[in-house]
Amino acid sequence: EALQPDPAWLEGRLDNGLHWQILNTPQRPNDRIELRLLVRTGSLQERPEQAGYAHFLEHMAFNGTKHFPKKTMLEYLASIGVRFGTNVNAFTSRNVTAYNISEVPLIRETIIDTVLLMLHDWSSYITCDSAEIEAERGVIREEWRTRDIPRMRLSEQLNPVMYNHSKYAERNVIGDINIIMNFKRQTLLDFYHKWYRPDLQAVIVIGDFDVNMMENKIKKILSPLPKAQHPVQKEVYSVPDNREPLVGI
């Protein structure tokens, strides 16, 4: 039987397609909230000439948005004790890109508005400034270099076996370093606006707060996000089942 959702959760979907879920957890943590933005896209949505775009875009989310130019988002979070890398971070996989802001103190109500506005900007308003892109290429290149170790090379060789020669075997998250170092800004923006859409996104907020207040704020701040006018159908990929063990040496 299908698992039934926990009735303690309050959830809904905005007119633009954004799915939201909130959960009140009194005293756990005390006077803190946790926020997530889940984007249902990853490296599987990249074309061969876009290898690495999803991961690169995740990095750009911390380098300037509409309401938080350059590093002002991280500077504000640091001012309330929310540290980059520890309390605010993100990851990209083959299927999803996820952003988190954790341990946000509820010392004043305006903080809630501000962090929800950050999710708003990540959803549709990452600026991808040209200078910031050029600076980030070196960051990604160094990340790629430090991954060039035996364990990762073995993983790349075994992916076709582990993923049974499916689409999953053709994509790694960090992508092609030659593409990363040479792509044009507009092509990254095209990928962003194609796949970062409210209908492919979910916002989750957990913590010690009044659920009616949080629901109203989510609707007020995130409802203006633009609904996709001509959304591209997202293809769903799977890994074929197997009857015999798959072995790679």
Side-chain angles (χ1 to χ4, degrees), residues 1-42 57-59 61-68 71-93 95-126 196-227:
E1 296 179 3
L3 291 174
Q4 298 302 310
D6 187 337
W9 284 85
L10 184 64
E11 64 179 315
R13 192 174 295 274
L14 303 180
D15 290 341
N16 56 23
L18 181 77
H19 184 202
W20 58 268
Q21 294 180 305
I22 57 179
L23 176 65
N24 179 29
T25 56
Q27 312 304 320
R28 294 178 299 154
N30 186 30
D31 297 323
R32 295 287 190 276
I33 60 172
E34 305 272 329
L35 303 98
R36 302 288 187 274
L37 172 68
L38 303 182
V39 185
R40 298 183 183 92
T41 189
L57 189 56
E58 173 220 310
H59 278 235
F62 300 100
N63 290 312
T65 66
K66 178 180 179 180
H67 295 97
F68 304 92
K71 297 294 192 292
T72 55
M73 177 185 293
L74 300 181
E75 291 168 358
Y76 172 83
L77 291 171
S79 74
I80 59 173
V82 178
R83 297 170 294 169
F84 181 58
T86 302
N87 309 120
V88 56
N89 215 325
F91 72 83
T92 305
S93 70
N95 294 309
V96 67
T97 305
Y99 299 87
N100 73 278
I101 308 177
S102 303
E103 291 288 317
V104 177
L106 295 177
I107 52 181
R108 55 185 179 274
E109 188 173 332
T110 54
I111 289 177
I112 300 175
D113 299 294
T114 303
V115 292
L116 285 174
L117 187 61
M118 292 176 183
L119 304 189
H120 166 279
D121 278 16
W122 284 337
S123 168
S124 300
Y125 297 102
I126 301 173
Y196 272 58
R197 319 185 312 243
D199 61 297
L200 293 178
Q201 295 173 342
V203 165
I204 302 170
V205 186
I206 299 174
D208 185 11
F209 51 75
D210 177 83
V211 293
N212 292 324
M213 175 274 295
M214 188 61 68
E215 179 183 358
N216 290 333
K217 286 187 178 295
I218 287 174
K219 290 179 177 178
K220 178 181 178 181
I221 295 172
L222 301 178
S223 288
L225 288 169
K227 181 179 181 179

Can you measure from OG1 (Thr25) to CZ (Phe209) and round to the nearest 0.5 angstrom?
-> 7.0 Å

Are Phe84 and Phe62 close enough, and set up right, to give a ring pair (Phe, Tyr, Trp, His ring centres under 6.0 Å), and what steps lead you there?
-> CA-CA 9 Å; Phe84 181 58; Phe62 300 100; 5.1 Å; yes

Glu103 side, atom CD; Ile80 side, atom CD1 - distance, nearest 0.5 Å = 11.0 Å

Note: Ile206 and Trp9 closest approach over all heavy atoms is CD1-CH2, 3.6 Å

Mind checking the CG-CZ spacing from Asp199 to Arg13? Nearest 0.5 Å is all I need.
-> 8.5 Å

Take Glu215 and Lys219 through the side chain to side chain contact (heavy atoms under 4.5 Å, CB included) test and state the conclusion after the steps.
-> CA-CA 6 Å; Glu215 179 183 358; Lys219 290 179 177 178; 2.7 Å; yes

Around Asp6, counting heavy atoms of other residues, nucleotides and ligands shown, do more than 12 lie under 6.0 Å from its CG?
-> yes

Distance-only, no hydrogens or angles: does the Asn16 side chain make a donor-acceptor pair with backbone N or O of Leu225 under 3.5 Å?
-> yes

Does a side-chain N-to-carboxylate-O contact under 4.0 Å join Glu34 and Arg36?
-> yes

Output the distance between atom CE (Met118) and atom CG (Leu74), rounded to the nearest 0.5 Å.
-> 8.0 Å

Side chain to side chain, Asn100 and Leu35, heavy atoms closer than 4.5 Å | no

Would you say the side chains of Thr97 and Glu58 form a donor-acceptor pair under 3.5 Å?
-> no

Ionic contact status for Asp113 with Lys217, cut-off 4.0 Å = yes

Ring pair (Phe, Tyr, Trp, His ring centres under 6.0 Å) partners of Tyr125, counting only residues at least two apart = His120

Might you point out which heavy atoms bring His19 and Arg40 nearest each other, and give the distance in Å?
-> ND1-NH2, 3.9 Å

With sequence neighbours excluded, give me every ring-ring contact (aromatic ring centres under 6.0 Å, His included) pair touching residues 95-117.
-> Tyr99-Trp122

Using a 4.5 Å cut-off on heavy atoms from C-beta on, say whether the side chain of Ile111 contacts that of Thr114.
-> no

Step by step, work out the side chain to side chain contact (heavy atoms under 4.5 Å, CB included) result for Ile101 and Leu119.
-> CA-CA 9 Å; Ile101 308 177; Leu119 304 189; 4.2 Å; yes

Closest heavy-atom contact between Val96 and Val39?
-> CG2-O, 3.1 Å

Any side-chain heavy atom of Val82 sitting closer than 4.5 Å to one from Pro105?
-> yes

Carefully, step by step, assess Met214 and Val211 under the rule side chain to side chain contact (heavy atoms under 4.5 Å, CB included).
-> CA-CA 5 Å; Met214 188 61 68; Val211 293; 5.6 Å; no

So CG of Leu200 and CG of Leu38: to nearest 0.5 Å the spacing works out to 12.0 Å

Could you tell me whether the side chain of Met213 reaches within less than 4.5 Å of the side chain of Ile112, counting heavy atoms only?
-> yes

Atom CG in Leu18, atom NZ in Lys227: separation rounded to 0.5 Å?
-> 12.5 Å

Considering only heavy atoms from C-beta outward, does the side chain of Trp20 approach that of Leu222 to under 4.5 Å?
-> no

Arg83 atom CZ, over 12 foreign heavy atoms within 6.0 Å = no

Closest heavy-atom contact between Ser123 and Leu37?
-> N-CD2, 3.9 Å

Count the heavy atoms belonging to other residues, nucleotides or ligands that lie under 6.0 Å from NZ of Lys220, then report whether that count exceeds 12.
-> no

Under a 4.5 Å cut-off applied to non-hydrogen side-chain atoms, are Leu77 and Val104 in contact?
-> no

